[in-house]
Amino acid sequence: MERSPDISVGIVGIGLMGRGIARNIAKHGHALVVLEHSGNQPMEDLLQAGAIAEIQASALAAKSDLVILCVSGSPEVEAVLTGPNGVLEGVRRGTIVVDCSTTIPSSTERMASLVHAAGGLFLDAPMTRTSQHAEEGRLNLLVGGDAEVLDRAMPVLRCFAENIVHVGPVGAGHRLKLLHNFMSLGSAALLSEAAACAASSGIQRELFVDVLATGGGAGVTLDRLKPYILSGSSAGLQFSMGNALKDLNYYVQMATDAGAVCRIGDAVAQTLGAAVQTGGHRADVPELVSLLADAGRQPRKHRHRSG
């Protein structure tokens, strides 16, 4: 493997996605600093490969030419940047902060301003695809920010991303990611409701899937939910209902801020909200099929209704 120019990289968030990102950066020979956190995936292989663990984000930032954030959402990004011993307390002049999380664009713009005021540079680079793609170094990145900053960050981003698209100024990456997730999760909710209705109507699940696959229902969403519809396996879409609800709520807030119509977005968010209340935050999105089927078997006066 051709070695990339050595850039010291700090990563905050060694979760399902962050672990794959970190492993691929280490494989390309970059010095790696990771933040210790109770929510991390196991890091033994990263430490054995030479990664350094820090307990404070400020210390991580002080050792990094580029800092990647891969955390749950806006509150976590804001805390790791601006909280006590946060990244902003240790960031060096010219250090690039790359936010790969999914966050609210208005928060993204505020955080970028604070990073710039501290002497750093900022890109929002949310990801699409799955944790398997992260392990394979084949994520997609939607990047908002200055094109020259993106050029500087590219040697690191290329370590873990297959497709990198510059979509506009700071905040544009997160706006496009929320649009993407509204489409993908909205399609999953629509298909889940249809599958639950098919089961209640006596339609064989194999026939239901085959008819969709050869008609207007074909596509990525059906491919990902098909294993659950047919055999109860959620392996095709290992994305938690809690994260899905968070992303839909962010989309609704973004649409509201923009003055855009959001009736379907509201309905999907309410559907996911009811599913989280019933199935829990950690349930995978494909489980929505069963949760909606169960809701349909309840007495009508107890059914959840979207507004």
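- The environment of M183 atom CE is sparse: at most 12 non-hydrogen atoms of other residues, nucleotides or ligands sit within 6.0 angstrom.
- For the residue pair S290 / Y228, a side-chain donor-acceptor distance below 3.5 Å is found, with atom types taken as modelled.
- Shown here is Q204, whose CD atom has no more than 12 heavy atoms of other residues, nucleotides or ligands within 6.0 Å.
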- prompt: Between D247 and K177, is a salt bridge (Lys or Arg N to Asp or Glu O under 4.0 Å) present by the stated rule, with each step listed?
  reply: CA-CA 9 Å; D247 287 359; K177 172 62 185 294; 5.2 Å; no

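- In the hydrophobic clustering of this structure, V289 groups with L185; members are Ile, Leu, Val, Met, Phe, Trp, Tyr whose side-chain heavy atoms approach within less than 4.5 Å, directly or through other members.
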Side-chain donor/acceptor pairs under 3.5 Å, residues 125-132, sequence neighbours excluded:
residue: T128; atom: OG1; partner: N140; partner atom: ND2; Å: 3.2
residue: R129; atom: NH1; partner: R138; partner atom: O; Å: 2.7
residue: R129; atom: NH1; partner: E162; partner atom: OE1; Å: 2.5
residue: T130; atom: OG1; partner: Q132; partner atom: N; Å: 3.4
residue: T130; atom: OG1; partner: H133; partner atom: N; Å: 3.4
residue: T130; atom: OG1; partner: H133; partner atom: ND1; Å: 2.9
residue: Q132; atom: NE2; partner: E136; partner atom: OE2; Å: 3.0

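- Residue pairs meeting the ring pair (Phe, Tyr, Trp, His ring centres under 6.0 Å) criterion with at least one member in residues 235-254, sequence neighbours excluded: F182-Y251.
- Looking at every heavy atom in both residues, V252 comes nearest to A269 through CG2-CB, 4.4 Å.
- The backbone N or O of I104 sits less than 3.5 Å from a side-chain atom of S74, completing a donor-acceptor pair.
- Put simply, the side chain of L81 reaches to within 4.5 Å of the side chain of V97, judged on heavy atoms.
- Within the 4.5 Å cutoff, side-chain heavy atoms of S106 are placed close to those of R110.
- At a threshold of 4.5 Å between non-hydrogen side-chain atoms, the residues H37 and I55 do not count as touching.
- A continuous path of ILVMFWY side-chain contacts below 4.5 Å connects L191 to M241, so both sit in one hydrophobic cluster.
- With rounding to the nearest 0.5 angstrom, the CD1 atom of I52 is 13.5 Å from the CG atom of L35.
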Enumerate donor-acceptor pairs with a distance under 3.5 Å from any side-chain N or O in residues 113-122 to protein atoms, sequence neighbours excluded.
residue: S113; atom: OG; partner: E109; partner atom: O; Å: 3.1
residue: H116; atom: ND1; partner: A112; partner atom: O; Å: 3.2

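- Shortest non-hydrogen contact noted between L32 and A26 is CD2-CB, 4.2 Å.
- Residue K226 qualifies as open at atom NZ: its count of foreign heavy atoms under 6.0 Å is 12 or below.
- Looking at heavy atoms from C-beta onward, E54 lies out of side-chain contact with V34 at the 4.5 angstrom threshold.
- Following chains of ILVMFWY side-chain contacts shorter than 4.5 Å, one can reach L230 starting from I203, so the two form part of one hydrophobic cluster.
- Linking ILVMFWY residues whenever their side-chain heavy atoms come closer than 4.5 Å, directly or via other members, leaves V12 and L47 in distinct clusters.
- With a 4.5 Å cut-off on side-chain heavy atoms, I68 and I21 count as touching.
- Side chain of S64 to backbone of V67: no donor-acceptor contact under 3.5 angstrom is found.
- Two residues are said to be in side-chain contact when any heavy atoms from C-beta on lie closer than 4.5 Å; L178 and L176 fail this criterion.
- In this structure, M254 and P105 approach most closely via the heavy-atom pair SD-CG, 3.9 Å.
- Judged by distance alone, with hydrogens and angles left aside, the side-chain atoms of H30 form a donor-acceptor pair with the main-chain N or O of I7 at under 3.5 Å.
- Partners of R224 by side-chain hydrogen bond (donor to acceptor under 3.5 Å, both in side chains), not counting sequence neighbours: none found.
- Applying the ring pair (Phe, Tyr, Trp, His ring centres under 6.0 Å) test to every pair with at least one member in residues 144-177, sequence neighbours left out, gives no pairs at all.
- V9 and L88 are assigned to two separate hydrophobic clusters, defined by single-linkage of ILVMFWY side chains at heavy-atom distances under 4.5 Å.
- For T95 (side chain) and R92 (main-chain N/O), a donor-acceptor pair under 3.5 Å exists by modelled atom type.
- Judged purely by atom type and a 3.5 angstrom limit, E89 uses its side chain to pair as donor or acceptor with the backbone of N85.
- Residues V98 and I96 have side chains in contact (heavy-atom distance under 4.5 Å, counting atoms from C-beta outward).
- With sequence neighbours excluded, the residues satisfying side-chain contact (heavy atoms from CB on, under 4.5 Å) with S101 are L69, V71, V77, D99, T103.
- At least one donor-acceptor pair under 3.5 Å links the side chain of E287 to the backbone N or O of D284.
- Using a 4.5 Å cut-off on side-chain heavy atoms (C-beta onward), T278 and D294 make no contact.
- Remark: side-chain polar atoms of E76 are paired, donor with acceptor, to backbone N or O of G73 under 3.5 angstrom.
- Here the side chain of S184 pairs a donor or acceptor atom with the backbone of N181 at under 3.5 angstrom.
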